[in-house]
K.L.:
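For reference, the structure I am asking about is given below.
All ligand and atom numbering here is 1-based and tracks the order in the structure. Throughout, numbering of the chain's residues begins at 1 and tracks the sequence. Worth saying up front: this structure is predicted, and the values here are computed from it rather than measured.
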Amino acid sequence: MLKFLILFVLCFTSSALAEGITCSDIVPLKNRRYNISLTAFGGVGDGRTLNTKAFREAIFQIQQWGREGGTLLYIPPGVYLTESFNLTSHMTLYLAPGAVIKATQVTHNWPLTAPLPSYGRGRELPGGRYMSFIHGDGVNDVVITGENGTIDGQGDIWWNMWRKRTLQFTRPSLLELVNSTNIIISNLIFLNSPFWNLHPVYCSNVVVRFVTILAPHDSPNTDGIDPDSSSNVCIEDSYISTGDDLVAVKSGWDEYGIAYGRPSSDITIRRVNGSTPFSGIAVGSETSGGVENVLAEHINLYNTGVGIHIKTDTGRGGQIRNITVLDVYVQGARKGIKIAGDVGGHPDDKFDPKALPIVNGITIKNVRGVKVLQAGLIQGLRNAPFTGICLSDVNFLGVKGSARSPSWKCSDVLGAAHQVSPWPCSALTNNQSGSCANYSQV
Ligand SMILES: *[C@@H]1O[C@H](CO)[C@@H](O)[C@H](O)[C@H]1NC(C)=O
Ligand SMILES: *[C@@H]1O[C@H](CO)[C@@H](O)[C@H](O)[C@H]1NC(C)=O
Ligand SMILES: *[C@@H]1O[C@H](CO)[C@@H](O)[C@H](O)[C@H]1NC(C)=O
Ligand SMILES: *[C@@H]1O[C@H](CO)[C@@H](O)[C@H](O)[C@H]1NC(C)=O
Ligand SMILES: *[C@@H]1O[C@H](CO)[C@@H](O)[C@H](O)[C@H]1NC(C)=O
């Protein structure tokens, strides 16, 4: 009997630790009661006809049918040009193979929406923001999926407005979900977002899996996935190549984020690959509501600015704690690891310079890099040193250390290092006792 029990425990433990772990049981996939096609609402997939009315009427119909089993909105093969539209609860937006939902490039009557309370203003410009191309506010039980159809933001017109400084408001995200729960985004391609790609904010129970997110490396602020003041977010098995951070966990901006006080917590990122001139896996820089319990593992980064980046600023406040990054491969990066307290700027001059962020408990383990120019830059704040920074089994090849640009540069940091090459700064290797409480469990 005991033998069986031990066997059972062993099997259970090893399967729980195996690579097969997925997010899929956080939010169960739904079979819907109704199935309607966009064409039944006048949708035309010729790439030229504007389908705004078809989308809005189909979704209005889904809203009328309500929660009883929900409805699948089927997008057949074809290219469906449209203005922005809102999702509703209990729906599946399903893109057939070869289905493309394409954003109009007519921007003068693009709808506006209020600033997020945790940002106090648009991220780029004061005031409201252009509504995301696909938008959900207060929705529950929404699946956005298919057989790898495409959601195309046609962002170049917006990138050019940014470059020419002719934007009036903050650019639209490709897909933003505000105050929403039980969301699955899977088996889709997201192309050329005007701004951030996927932005769940004030959400819980969000799964993103088997997605491909693409935008040119020179496209401004095209972050891949930004979980923002959200909890229970799971991102896996995805490829992201964009012009800004691949995944950046956020929680609001300076005095607005502090006042709103909504953290991001319990975020899992696994089996994600990609490339960007900015950061691969990031926390920040907007972290004023706090960020805790983040696990990123099995990440492959190619030609990336910074591999792993924790970033915050004076005036942010917020606590960043219990962040674990495991099993990362980096091939080509300016910096392997950066943890810094002077990144990101302020919404206005009303931020409180005494609102210092607290960074405590960052574990980075089993990282291998080749063609990494600088191993790490870890810069805490003089009045708020970063603590519990634990590095173990970190190995970067190709580092070109010099007096001006040492292979590791640290200040105002306490932590520990174990099997790190090149050998990091003394702040980590002197192993201040107690400053790295979880280190023995790494
Ligand atoms: C929904 O309807 C479309 C045709 O309009 C069909 O091709 C598709 O297989 C249906 N999907 C489901 C899940 O029933
Ligand atoms: C979409 O939802 C927003 C609220 O989030 C609302 O202001 C707007 O009128 C809605 N647009 C349409 C077309 O229903
Ligand atoms: C969030 O959405 C729910 C409906 O799901 C609504 O009752 C609530 O008022 C919304 N909260 C905010 C702050 O908009
Ligand atoms: C969609 O693409 C992903 C990743 O490229 C792949 O793993 C998945 O099998 C594809 N799904 C379908 C339904 O074709
Ligand atoms: C990520 O890269 C690894 C190693 O090359 C590969 O095995 C895996 O299939 C890739 N996954 C995705 C989602 O691109």
Side-chain angles (χ1 to χ4, degrees), residues 19-20 22-24 29 41 50-64 74-75 77 82-89 91-92 94-99 104 109-117 128-140 142-151 172-173 175-180 184-191 199 201-203 208-214 224-225 235-242 246-247 269-276 280-281 296-304 327-332 368 370:
E19 294 241 343
T22 70
C23 326
S24 57
L29 249 175
F41 294 83
L50 204 57
N51 288 281
T52 313
K53 204 161 161 272
F55 275 105
R56 290 184 183 168
E57 283 179 3
I59 290 166
F60 182 74
Q61 178 63 68
I62 296 171
Q63 197 174 11
Q64 302 313 300
Y74 181 80
I75 313 299
T82 177
E83 297 168 288
S84 74
F85 60 90
N86 287 332
L87 301 169
T88 189
S89 294
M91 72 173 284
T92 297
Y94 192 96
L95 282 76
T104 174
N109 55 352
W110 197 284
L112 285 168
T113 186
L116 292 166
R129 319 172 295 140
Y130 291 109
M131 175 96 85
S132 65
F133 174 47
I134 300 182
H135 191 77
D137 194 338
V139 298
N140 171 37
V142 172
V143 182
I144 306 162
T145 189
E147 295 162 75
N148 292 337
T150 300
I151 295 178
S173 294
L175 170 59
E176 182 173 80
L177 294 157
V178 186
N179 180 34
S180 297
I184 301 177
I185 301 165
S186 69
N187 294 290
L188 287 174
I189 299 164
F190 293 90
L191 201 59
H199 185 213
V201 55
Y202 320 138
C203 290
V208 181
R209 56 201 305 247
F210 299 114
V211 301
T212 303
I213 303 179
L214 305 172
I225 307 174
I235 299 163
E236 64 185 14
D237 296 303
S238 293
Y239 180 84
I240 309 172
S241 173
T242 62
L246 303 183
V247 178
I269 303 154
R270 63 163 88 88
R271 300 187 300 269
V272 169
N273 300 347
S275 177
T276 167
I281 298 298
E297 58 182 356
H298 301 292
I299 309 293
N300 292 290
L301 302 172
Y302 307 92
N303 298 322
T304 291
D327 303 317
V328 179
Y329 175 70
V330 181
Q331 185 179 301
R368 237 140 287 284
V370 296

K.L.:
Counting only N and O atoms by type, is there a donor-acceptor contact under 3.5 Å from the side chain of Ser132 to the main-chain atoms of Ile134?
P.N.:
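Yes; judged by distance alone, with no hydrogens or angles, the pair exists.
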K.L.:
Are any non-hydrogen protein atoms located under 4.0 Å from atom 9 (O) of ligand 2?
P.N.:
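No, there is no protein heavy atom closer to it than 4.0 Å.
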K.L.:
Under 30°, 30 to 60°, or over 60°: which ring-plane class applies to Phe133 and Phe85, parallel, tilted or perpendicular?
P.N.:
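Taking Phe85 first and then Phe133, their aromatic rings stand perpendicular (interplane angle over 60°).
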K.L.:
Could you list the atoms of ligand 2 found under 4.0 angstrom from a heavy atom of Asn86?
P.N.:
1 (C), 2 (O), 3 (C), 8 (C), 10 (C), 11 (N), 12 (C), 14 (O)
K.L.:
Just which atoms of ligand 2 are under 4.0 Å from any heavy atom in His135?
P.N.:
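Numbered from 1, ligand 2 contributes 5 (O).
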K.L.:
Does the protein put any heavy atom within less than 4.0 Å of atom 12 (C) of ligand 4?
P.N.:
yes
K.L.:
Looking only at protein heavy atoms, identify the closest one to atom 7 (O) of ligand 2 and say how far it is in Å.
P.N.:
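The closest one turns out to be Met131 CE, 4.8 Å.
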K.L.:
Counting only heavy atoms, tell me which of Asp137, Val178, Leu87 gets closest to atom 5 (O) of ligand 2.
P.N.:
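That would be Asp137.
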K.L.:
Would a distance-only check, ignoring hydrogens and angles, find a side-chain to backbone donor-acceptor pair under 3.5 Å from Arg56 to Ser84?
P.N.:
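Confirmed, Arg56 side chain pairs with Ser84 backbone.
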K.L.:
Starting from atom 4 (C) of ligand 5, locate the nearest protein heavy atom and write down its residue, its atom name and how far away it is, to 0.1 Å.
P.N.:
Asn300 ND2, 3.8 Å
K.L.:
Drop me the distance from Ile240's CD1 to Leu214's CG, to the nearest 0.5 angstrom.
P.N.:
9.5 Å
K.L.:
When only distance counts, is Arg271 in polar contact with ligand 5, meaning an N/O pair under 3.5 Å?
P.N.:
no
K.L.:
Got an N/O contact under 3.5 Å between Asn148 and ligand 4?
P.N.:
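By distance alone, the answer is yes.
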K.L.:
Do any N or O atoms from the side chain of Glu236 and from the backbone of Cys23 form a donor-acceptor pair under 3.5 angstrom?
P.N.:
yes
K.L.:
Does any non-hydrogen side-chain atom of Leu301 lie less than 4.5 Å from one of Tyr329?
P.N.:
no
K.L.:
Using a strict 4.0 Å cut-off to heavy atoms of Ser238, name the atoms of ligand 5 that fall inside it.
P.N.:
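Every atom of ligand 5 under 4.0 Å from some heavy atom of Ser238: 13 (C).
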K.L.:
Is there a donor-acceptor contact under 3.5 Å from the side chain of Arg129 to the main chain of Leu112?
P.N.:
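Side chain of Arg129 to backbone of Leu112: no pair is present.
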K.L.:
I need the nearest protein heavy-atom contact for atom 2 (O) of ligand 5: residue, atom name and distance, please.
P.N.:
Asn273 ND2, 2.3 Å
K.L.:
Working to the nearest 0.5 angstrom, can you tell me the gap between Cys203 SG and Asn179 CG?
P.N.:
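Output value for this atom pair is 7.0 Å.
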K.L.:
Using heavy atoms and a threshold below 4.0 Å, how should the contact between Asp237 and ligand 5 be classified: side chain, backbone, both, or neither?
P.N.:
backbone
K.L.:
Output the list of atoms in ligand 4 that are nearer than 4.0 Å to some heavy atom of Phe210, sorted by atom number.
P.N.:
7 (O)
K.L.:
Could you tell me, atom by atom, which parts of ligand 4 come under 4.0 Å of a heavy atom of Asn187?
P.N.:
1 (C), 8 (C), 10 (C), 11 (N)
K.L.:
Using a strict cut-off of 4.0 Å, indicate which atoms of ligand 2 neighbour a heavy atom of Arg56.
P.N.:
13 (C)
K.L.:
Donor-acceptor check, side chain of Thr113 to backbone of Met131, threshold 3.5 angstrom: yes or no?
P.N.:
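Here the side-chain-to-backbone pair does not exist.
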K.L.:
State which residue, out of Thr212, Leu95, Thr145, fulfils the side-chain contact (heavy atoms from CB on, under 4.5 Å) condition with Asn187.
P.N.:
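Filter result, single survivor: Thr145.
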